[in-house]
Amino acid sequence: MGRRYWLMKSEPGCFSLDDLRTSPQGISAWDGVRNYQARNLLRDDIQVGDGVLFYHSNISRPAIVGLARVVRSGYPDHTALDPRSRHFDPRATPDSPIWYMVDVAYVTALPHPLTREDLGRHPVLGTMDVLRRGNRLSVQPVTPEQWRTVLTVAGLMDPLEHFAGAG
DNA sequence: GCCAACGTTGGC
DNA sequence: GCCAACGTTGGC
């Protein structure tokens with residue numbers, strides 16, 4: 001299986017793209033996910049090298065604000081074992097950790113954030129899961145086409161590159 | 001701050 | 001196994 005792409009949501013007041021950028025070596029665990037569907041993605045599907053769209057939620061202008069990549073695949077989320085953590089889950093044990101996380105590395109901020117309005121009026125991006133009303137999944141799959149389109153619309157990829165070698 | 005949508009819990 | 005109650009998420 002080749003590289004896959006994901007969108008990860010975070011409230012910037014809790015953990016922002018800038019928090020990731022300024023983490024040691026630009027790397028942080030994506031911890032605290034307490035939803036089984038998202039857990040399954042973290043544990044089973046997300047692989048090293050996968051691309052991540054970093055999305056800021058629960059603010060006045062929610063938006064895709066940057067890119068990250070996965071640098072460690074799923075491993076037990078130890079914050080579930082820590083009674084002092086606000087992500088503590090008394091059901092979790094070292095043998096049965098229940099919750100999983102991955103490590104992600106900062107890649108870049110988008111020159112301009114892509115707001116929901118931006119996404120919604122684009123023919124390709126308008127179908128993204130994140131726009132679906134009531135969708136609360138904090139880790140979501142993104143298609144390769146959506147990934148490429150985000151990069152192009154954000155100005156991170158020269159559209160003329162498609163024609164390289166064509167003449 | 002409001003509230004709709006969603007996931008989880010727990011009584012039955 | 002059903003489903004009402006509850007807590008949380010997250011756009012607006």
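Just so you know, these numbers come straight off a predicted model, no measurement behind them.
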Notebook entry, point to check: Could you state the CZ-P distance from A:R91 to B:dT8, rounded to the nearest angstrom?
Noted result: 9 Å
Note to self: Centroid separation under 6.0 Å, is that true for the rings of A:Y55 and A:W6?
What the structure shows: no
Checklist line | Selection from C:dG10, B:dG7, B:dT9 that lies nearest to any side-chain heavy atom of A:Q37 | finding: B:dG7
Note to self: Tell me the interatomic distance from A:F15, atom CZ, to C:dT9, atom C1', rounded to whole angstroms.
What the structure shows: 19 Å
Check: Separation of A:I59 atom CD1 from C:dT9 atom C1', in whole Å?
Finding: 14 Å
Note to self: I want to check one thing: is the phosphate of C:dG11, taken as OP1 and OP2, less than 4.0 Å away from some side-chain N or O of A:Y55?
What the structure shows: yes
Checklist line | Phosphate OP1/OP2 of C:dG10 contacted by A:K9 side-chain N/O (<4.0 Å) | finding: yes
Notebook entry, point to check: C:dG11 P sits how many Å from A:L137 CG, rounded?
Noted result: 13 Å
Checklist line | Exam field: side chain A:T143 to backbone A:Q146, donor-acceptor pair closer than 3.5 Å | finding: yes
Margin query: What is the separation between atom CD on A:E117 and atom P on C:dC12, rounded to the nearest whole Å?
Written below: 10 Å
Note to self: Quick check with a 6.0 Å cut-off and a 45 degree axis cone: is A:R86 positioned over the face of A:F88's six-membered ring?
What the structure shows: no
Check: Over how many whole Å does the gap from A:M128 atom CE to C:dG11 atom P extend?
Finding: 13 Å
Note to self: Once rounded to the nearest 0.5 Å, what's the spacing between atom OH of A:Y106 and atom OG of A:S23?
What the structure shows: 11.5 Å
Margin query: Tell me the interatomic distance from A:R133, atom CZ, to C:dC12, atom P, rounded to whole angstroms.
Written below: 9 Å
Next item on the list: Between A:R132 and A:N58, just flag the one whose closest nucleotide in DNA chain B comes earlier from the 5' side.
Entry: A:N58
Note to self: Rounded to whole Å, please give me the gap between CZ in A:R34 and P in B:dT9.
What the structure shows: 13 Å
Item checked: Phosphate OP1/OP2 of C:dG11: any A:R61 side-chain N/O under 4.0 Å -> no
